[in-house]
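Notes to accompany the following structure.
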Amino acid sequence: MDKWVAEFFLRRQQNPRVYATNLLSALKPVDSDDCVKLKITAVLRDISNSLIRGTVDEEMLDLLEILEKLLLQEHSVIMDSLKSAYCWTAAECTIRFMWPVNASDGFFSDALEMIWKKRIGMLKERESDLVTHELLKWESDFNKAFEEPELYQKIRETNIRYNAISHLTQLLKEQWALLGCSSLESEARKMFLKRKDPNAARKKGNNLGRAGDTIGNVSERRESRKGKVDKVNEQEQVHEASLNKGYITVARELKGYLLEIQRLLDPSTSQGQEPNNALDMSVNVTPQLDRANRTETEDSEGTSSSGRVRPHLPTPEPLNVSPLKKGRWEKPRPRRPMKFWTPEEVNALKEGVKEYGKSWKDIKNSNSVVLADRSEVDLKDKWRNLLGRQ
DNA sequence: GTAGGGTTAGCG
DNA sequence: CGCTAACCCTAC
């Protein structure tokens, strides 16, 4: 139960002030091998929170390294998104130390030492998959930049942060999707399917892990179906009523549980004036509840069945449970500011096409310094422009 | 990842 | 206002 709640909490909680990895230690010790997934969830949450705060620093590198180790423990594949995210985060971390005009003025050499010699040196030692061609290219570029002021300037002026953030976002998207349903979600769904129609359960079984489905959806689907299956006999109704009672109890328990965790981790929200929408489980966990029933339970909620005292919470907006829902990572982002191509970039592109043809990805990787601000699509578009003029 | 059509910003 | 470069969206 601890584990389920922790997992659920981690998936839904979006609070930059909370460190998810602390959550695990705040819980009773559930440390065993089968907790790897939970740990991954925690790390993903930390990465996500870090992004929300807008910090891309060495702590992020730590998290990515931890994530890699956990994935290895799980015998998962290390995906390209993780490698790219690590690479660009490392570059971003280094570039933070390039604020002086001269390489020798600031802490650039320290950064090289800390990040590339020590940290990435260790990765090389254990032959980590994170050490990619791209990463090595950056390493040599940074080392060269220390000697060559011109290259130093060039790197210094590039916008690495944008790339780092988009790679990290992509990484999160993929990893969340890989995690699939939370235990609570799949458990709830299993129960629902079993109860509704044992045959349908078998048919729908293969949909269980589908990303993007939510308990909310289940409840909708269930309600729409309820209209069709109107001839429920009385026995069944009685049975369902007793099940409802059970769900209500569980929902209350969970709600209380989550509130406690919330208080433990983030005292600033402890007064509970604002309904924390991460906490209302009753709507989603009890799909059977009809309106009258729900308000009644909400109202009489001062004390839960276990006797915990909680502040009264107004019913918040129902949330989509799944962190996988489309749109969560796809904020309507404003158009990128327009930036005309420099002759240098155009040259790099021309050289690249000569060497690699139209594989924009390879071209970008081969000269990621000059082309740092240009996406693969940008290269393609620019090439189209260049051709158009001939 | 790439191609290709669509949209927008900047300039004369 | 029209043209073009840069940027975006989406199908494959």
Side-chain angles (χ1 to χ4, degrees), chain A residues 47 51-52 54 56 64 67-68 71 76-92 95 129-138 141 153-179 210-213 217 320 322-390:
Chain A
I47 293 175
L51 271 182
I52 293 170
V56 180
L64 294 174
L67 180 60
E68 189 221 359
L71 287 175
S76 304
V77 196
I78 303 301
M79 307 215 289
D80 284 345
S81 58
L82 177 54
K83 297 175 192 171
S84 296
Y86 188 86
C87 174
W88 286 90
T89 306
E92 165 66 13
I95 228 169
D129 280 346
L130 293 179
V131 183
T132 55
H133 193 66
E134 204 180 10
L135 190 78
L136 294 174
K137 172 87 174 128
W138 270 110
D141 278 344
Q153 284 305 327
K154 212 186 294 165
I155 296 181
R156 190 169 163 263
E157 283 159 15
T158 53
N159 183 7
I160 304 253
R161 203 181 153 78
Y162 172 80
N163 284 300
I165 289 178
S166 48
H167 279 116
L168 284 163
T169 309
Q170 177 64 22
L171 164 72
L172 284 172
K173 205 165 150 185
E174 288 180 15
Q175 291 292 340
W176 280 125
L178 268 183
L179 278 177
R210 228 181 77 218
D213 266 356
N217 286 348
N320 287 317
S322 170
L324 307 173
K325 183 161 196 307
K326 212 180 166 196
R328 184 169 182 132
W329 305 110
E330 291 161 350
K331 294 163 205 153
R333 66 166 173 240
R335 196 187 162 95
R336 209 158 28 119
M338 191 155 141
K339 208 187 140 202
F340 285 94
W341 280 63
T342 63
E344 198 180 10
E345 287 171 323
V346 175
N347 264 338
L349 174 59
K350 284 180 179 168
E351 292 300 313
V353 174
K354 246 185 235 166
E355 195 173 339
Y356 299 96
K358 289 190 173 182
S359 46
W360 315 114
K361 182 181 141 73
D362 291 331
I363 298 175
K364 186 173 162 63
N365 283 340
S366 75
N367 205 340
S368 45
V369 176
V370 175
L371 298 175
D373 286 345
R374 307 295 176 184
S375 72
E376 290 144 32
V377 175
D378 290 335
L379 301 186
K380 183 258 305 173
D381 286 334
K382 181 61 185 177
W383 186 248
R384 183 168 54 172
N385 280 341
L386 290 174
L387 287 183
R389 235 187 303 136
Q390 280 168 12

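All chains are named by letter (A, B, ...) in the order of the sequence lines, taking the proteins before the strands, and each is independently numbered beginning at 1.
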Using OP1 and OP2 only, check whether a side-chain N or O of A:Asn385 sits under 4.0 Å from C:dA6. yes
Candidate nucleotides B:dG4, C:dC7, C:dA5, ranked by approach to the side chain of A:Lys382 - the nearest: C:dA5
May I ask you to evaluate whether A:Trp383 reaches the phosphate of B:dA3, defined as a side-chain N or O under 4.0 Å from OP1 or OP2? no
Could you check how far CZ of A:Phe340 sits from C1' of C:dC7, rounded to whole Å? 11 Å
What is the distance, to the nearest angstrom, from the CH2 atom on A:Trp341 to the C1' atom on B:dG10? 18 Å
Whole-Å gap separating C1' (B:dG1) and OH (A:Tyr356): 16 Å
Do side-chain atoms of A:Ser84 reach the backbone of A:Ser81 as a donor and acceptor pair under 3.5 angstrom? no
Check: A:Glu376 main-chain N/O paired with A:Lys361 side-chain donor or acceptor under 3.5 Å: no
Identify whether the distance between the nearest side-chain nitrogen and carboxylate oxygen of A:Asp378 and A:Lys339 falls below 4.0 Å. no
Are A:Asn365 and A:Ser368 linked by a side-chain donor-acceptor pair shorter than 3.5 Å? no
Within the pair A:Arg384 and C:dA5, is there a side-chain N or O less than 4.0 Å away from OP1 or OP2? no
Tell me the interatomic distance from A:Asp378, atom CG, to B:dG4, atom P, rounded to whole angstroms. 17 Å
Can a side chain N or O of A:Lys380 be found less than 4.0 Å away from OP1 or OP2 on B:dT2? no
Tell me what A:Ser375 touches on the nucleic acid: a base, only sugar-phosphate, or nothing, going by heavy atoms under 4.0 Å. nothing
Starting from C1' on C:dA5, measure out to CZ on A:Arg335 and report it in whole angstrom. 10 Å
Atom CD of A:Glu376 to atom C1' of C:dC9: distance rounded to whole Å? 16 Å
